[in-house]
Amino acid sequence: MQRIHNAIQLTGLSPDDLAQLYAFPAQLDAPWVRANFVSSIDGAATSGNLSEGLGTPADRTVFMMLRELSDVILVGAGTVRSENYGGARTDPRRRRALHDHGIGGHPDGAPPPIAVVTASAALDPGARLFTDTQVPPLIITTAIASADRKHQLVDAGADVIEAGDIAVTPKGLLRALGERGLLRILTEGGPHLFGELLEADAVDELCLTTAPLLVGGTARRISLSAHEFRTHMTRAHVLLDDDGTMLTRWARR
């Protein structure tokens, strides 16, 4: 049987080894967008309508490391609702250490905020996003969104950012994050947001976990867009876990 080129066994890697494998480029002067998704062998992005239905221990390990490295976690409003997002929980000591090494993290050890893209600002101010978090979420919305909704989200503790008049474009949302010094961007979905970023050629890399499952059904893919496109990627590495989970990192050429 032919071996996978650059395959590394996840077992035995230390957290520092893993951080180096997924390190962001040093000294960024513009936003770097990394996407992280999990998929079944037959291409489903969810099981039981949730991405966590495909999760494995290996996927969870990398999921947490990617969050530790990031400045901000970018998510679409639909994913926030369906996955019941709360604030990120990260290790303050590791966040400080990653910052000291210049590859991610935060100087004070604070967790990355969740940034939610919603043109209408239609979010529940009583949701976990606002009530179960250590840092204020960022709500990236439009000038035309209801002023009352925006005020309610501010009252719930959010930082509301208008990044467009009637729509939030990839260019607009990346500019808004970049202006706040949030350059190491991790997007966790959903498929429509990922598809829009891909179509705008705004994704620098994809970290994809393939769970050792066939699920069938009618689950969506990890990306959905209005038009087909072809973006060539280069495989950076492959991690293999004993349970069959395969974790790949793909970089834009």
Side-chain angles (χ1 to χ4, degrees), residues 2-8 21-25 28-47 49 51 54 59 62-63 66 69-70 72-79 82-83 115 117-119 140 163-164 166-178 182-240 244-253:
Q2 185 178 9
R3 294 183 181 273
I4 299 175
H5 182 60
N6 286 345
I8 303 168
L21 281 170
Y22 286 99
F24 279 89
L28 289 172
D29 56 9
W32 182 277
V33 179
R34 163 183 286 166
N36 183 41
F37 284 89
V38 61
S39 171
S40 67
I41 299 169
D42 54 339
T46 59
S47 178
N49 293 321
S51 62
L54 298 171
D59 176 62
V62 171
F63 174 88
L66 297 183
L69 287 160
S70 301
V72 63
I73 299 166
L74 181 65
V75 194
T79 296
S82 64
E83 303 277 351
V117 182
T118 167
I140 304 177
I166 61 174
V168 178
T169 64
K171 182 177 179 180
L173 75 89
L174 295 183
R175 181 174 59 247
L177 295 176
L182 303 173
L183 302 182
R184 300 179 180 98
I185 300 169
L186 172 66
T187 180
E188 296 177 348
H192 288 287
L193 175 60
F194 185 39
E196 288 176 1
L197 290 168
L198 284 170
E199 197 167 9
D201 196 28
V203 177
D204 295 287
E205 62 177 89
L206 167 64
C207 298
L208 178 64
T209 297
T210 302
L213 295 169
L214 295 167
V215 300
T218 58
R220 296 183 296 180
R221 299 164 47 195
I222 66 171
S223 71
L224 295 170
S225 62
H227 306 97
E228 184 177 330
F229 51 83
R230 295 174 65 86
T231 301
H232 292 281
M233 307 289 282
T234 298
R235 188 177 63 216
H237 68 238
V238 179
L239 303 183
L240 301 176
T245 302
M246 182 167 64
L247 304 111
T248 53
R249 181 182 177 190
W250 300 88
R252 182 167 52 183
R253 289 182 183 176

Not counting sequence neighbours, which residues clear side-chain contact (heavy atoms from CB on, under 4.5 Å) with Arg221? List them please.
-> Ser223
Rounded distance [0.5 Å steps], [atom1] in [X] versus [atom2] in [Y]:
| X | Y | atom1 | atom2 | answer |
| --- | --- | --- | --- | --- |
| Leu198 | Thr231 | CG | OG1 | 6.0 Å |
| Leu247 | Thr209 | CG | OG1 | 4.0 Å |
| Ser39 | Leu213 | OG | CG | 10.0 Å |
| Leu182 | Leu74 | CG | CG | 10.5 Å |
| Ile140 | Leu173 | CD1 | CG | 5.5 Å |
| Leu174 | Leu197 | CG | CG | 6.5 Å |

With a 4.5 Å limit on heavy-atom distance, are the side chains of [X] and [Y] in contact?
| X | Y | value |
| --- | --- | --- |
| Cys207 | Val62 | no |
| Ile222 | Leu206 | yes |
| Thr46 | Arg220 | no |
| Arg253 | Met233 | no |

Give me the atom names and distance for the closest heavy-atom approach of [X] to [Y].
| X | Y | answer |
| --- | --- | --- |
| Pro31 | Ile185 | CB-CD1, 3.7 Å |
| Ser40 | Val215 | OG-CG2, 3.7 Å |
| Arg252 | Asp204 | NH2-OD1, 2.6 Å |
| Pro212 | Thr245 | CD-OG1, 3.6 Å |
| Met246 | Val238 | CG-CG1, 3.7 Å |
| Ser225 | Gly195 | CB-O, 3.9 Å |

Provide the full list of salt bridge (Lys or Arg N to Asp or Glu O under 4.0 Å) pairs with a residue in residues 184-198, sequence neighbours left out, each pair given once.
-> Arg67-Glu188, Asp71-Arg184
Are the side chain of [X] and the backbone of [Y] linked by a donor-acceptor contact shorter than 3.5 Å?
| X | Y | answer |
| --- | --- | --- |
| Asp42 | Gly216 | yes |
| Arg249 | Leu21 | yes |
| Arg34 | Tyr22 | yes |
| Ser47 | Leu54 | no |

Neighbour count above 12 (heavy atom, 6.0 Å) for Leu214 CG = yes
Inter- and intrachain pairs under ring-ring contact (aromatic ring centres under 6.0 Å, His included), touching residues 185-236, at least two apart | Phe37-Phe194
